[in-house]
Amino acid sequence: MSHRKNKNKGLFRSKKTPTEITEGQHFLECDNCETKPAQFHCKTCQGHLCDDCRKIHETKRLTQGHVVILLSDYVADPVGCHLEEEDQCACKIKQRLKAERKEIDAYWLPLLEQMRDEERKKQSCISRKVEKIKDKVEEHFDNIIDKFTELKNESLIKLEEDAENASDAIDKTIDEIEDKIELLGNRDREIEDYLDEEYEAMHEGMCVWRPTLCNLAMISKHIWPDQFRI
């Protein structure tokens with residue numbers, strides 16, 4: 001019995017609190033087996049556990065995720081705000097969440113909204129620039145089309161003028177050729193008439209005319225004027 005008292009004295013070396021056992025009690029018994037002294041406290045179940053029950057408590061599927069701390073730490077600070085497992089402390093979690101929310105509201109949301117507004121301004125600026133460039137491109141190509149249209153019309157007019165001049169020149173040449181044809185035709189008829197008259201004269205004179213070099217030269221002189229000589 002004295003050994004048990006000495007053993008339990010080491011469990012309560014921390015500062016006395018209202019939740020600690022009274023002086024008449026030697027130890028807190030395990031809430032699970034209700035026989036052995038409790039050495040641990042489950043913050044999730046709010047129950048005291050001995051070492052054996054604590055091992056079972058941490059292995060069962062329903063309770064293996066519970067937060068179990070030393071009973072002495074719980075007696076010293078029942079709220080559990082100064083434990084090593086601060087990430088499991090409800091107060092710390094609430095404080096971190098408040099700090100996170102404050103940071104989100106004070107820093108991240110304004111920053112992201114500012115970034116969003118800047119990106120929208122960039123988008124709007126790009127749209128305006130694109131519209132200006134489109135207008136310039138359309139104007140430029142309209143000018144090019146107008147210049148090519150003007151050049152096309154000038155080329156067509158020049159081509160028609162050249163064709164007309166060439167046609168006029170050909171008509172003139174044709175007229176000159178027809179004049180020469182008419183002149184030669186007239187000359188041909190003159191020669192024919194001359195030969196017919198010469199033939200009748202020879203028959204009337206009852207003479208036999210034989211072509212000689214002298215006669216041919218004389219006839220050629222009368223038949224072919226100078227403008228038809230080669």
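These numbers come from a predicted model, not from an experiment.
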_Point-to-point distance, once rounded to the nearest 0.5 Å, from CD1 of Ile181 to CG of Leu184_ = 8.0 Å
*Is any side-chain heavy atom of Gln46 closer than 4.5 Å to a side-chain heavy atom of Tyr74?*
yes
*Does the side chain of Arg116 reach to within under 4.5 Å of the side chain of Leu112, using non-hydrogen atoms?*
no
_Within the supplied structure, the quantity of interest is the number of heavy atoms (other residues, nucleotides, ligands) at a distance under 6.0 Å from Gln123 CD; does it exceed 12?_
no
*Please report the C-alpha distance between Asp135 and Lys132 in whole Å, then the side-chain angles of each, then the deciding distance to 0.1 Å, and finally whether the salt bridge (charged side-chain N to carboxylate O under 4.0 Å, His left out) criterion is met.*
CA-CA 5 Å; Asp135 294 338; Lys132 289 182 180 180; over 6 Å; no
*asked:* Whether the Ser124 and Arg120 side chains hold a donor-acceptor pair (N or O, under 3.5 Å, no angle test) is what I'd like checked.
replied: no
_I want to check something: taking the side chain as every heavy atom from C-beta on, are Lys134 and Glu131 in contact at a cut-off of under 4.5 Å?_
yes
_Residue pair Pro110 / Ile104: nearest heavy atoms and the distance that separates them_ = CD-O, 3.9 Å
*Verify side chain to side chain contact (heavy atoms under 4.5 Å, CB included) between Asp51 and Arg54, making sure each step is shown before the conclusion.*
CA-CA 5 Å; Asp51 187 43; Arg54 188 263 308 174; 2.8 Å; yes
*asked:* Distance check, rounded to the nearest 0.5 Å: His41 atom NE2 versus Leu28 atom CG?
replied: 11.0 Å
*Report the C-alpha distance between Glu34 and Glu29 in whole Å, list the side-chain angles of each, state the deciding distance to 0.1 Å, and finish with yes or no for side chain to side chain contact (heavy atoms under 4.5 Å, CB included).*
CA-CA 6 Å; Glu34 297 182 351; Glu29 65 181 15; 4.2 Å; yes
*Hydrophobic clusters join Ile, Leu, Val, Met, Phe, Trp and Tyr when side-chain heavy atoms are under 4.5 Å apart, directly or via other members; which others share one with Ile170?*
Ile174
*Output the distance between atom CD1 (Ile56) and atom CG (Asn32), rounded to the nearest 0.5 Å.*
7.0 Å
*Is there side-chain contact between Cys50 and Cys33, with heavy atoms separated by less than 4.5 Å?*
yes
*Quick one: do Ile145 and Leu151 end up in the same hydrophobic cluster if we chain Ile, Leu, Val, Met, Phe, Trp and Tyr together by side-chain heavy atoms under 4.5 Å apart?*
no
*Mind checking whether Leu156 and Lys152 have side chains closer than 4.5 Å, heavy atoms only?*
yes
*More than 12 foreign heavy atoms under 6.0 Å from CZ of Arg101: is that the case here?*
no
*Do His48 and Cys42 come within less than 4.5 Å of each other through their side chains, counting heavy atoms only?*
no
*asked:* Taking the basic N atoms (NZ, or NE/NH1/NH2) and the acidic carboxylate oxygens, is any pair closer than 4.0 Å for Arg96 and Glu100?
replied: no
*Determine, stepwise, if the pair Lys158 / Asp162 fulfils salt bridge (charged side-chain N to carboxylate O under 4.0 Å, His left out).*
CA-CA 6 Å; Lys158 183 67 168 55; Asp162 292 342; 3.0 Å; yes
*Run the numbers on Lys122 and Glu118 for salt bridge (charged side-chain N to carboxylate O under 4.0 Å, His left out), then give the verdict.*
CA-CA 6 Å; Lys122 290 179 183 179; Glu118 290 178 355; 5.7 Å; no
*asked:* Return the CD1 to OG1 distance between Ile144 and Thr149, rounded to the nearest 0.5 Å.
replied: 11.5 Å
*Within a strict 4.5 Å, meaning less than it, do heavy atoms of the Val68 and His57 side chains meet?*
yes
*Do you know which two heavy atoms are closest between Val67 and Thr44, and how far apart they sit?*
N-OG1, 3.1 Å
_Contact check, side chains of Asn186 and Glu182, non-hydrogen atoms, under 4.5 Å_ = yes
*Output, in order, the C-alpha distance, side-chain angles, deciding distance and verdict of side chain to side chain contact (heavy atoms under 4.5 Å, CB included) for Leu71 and Phe40.*
CA-CA 4 Å; Leu71 182 60; Phe40 297 92; 5.6 Å; no
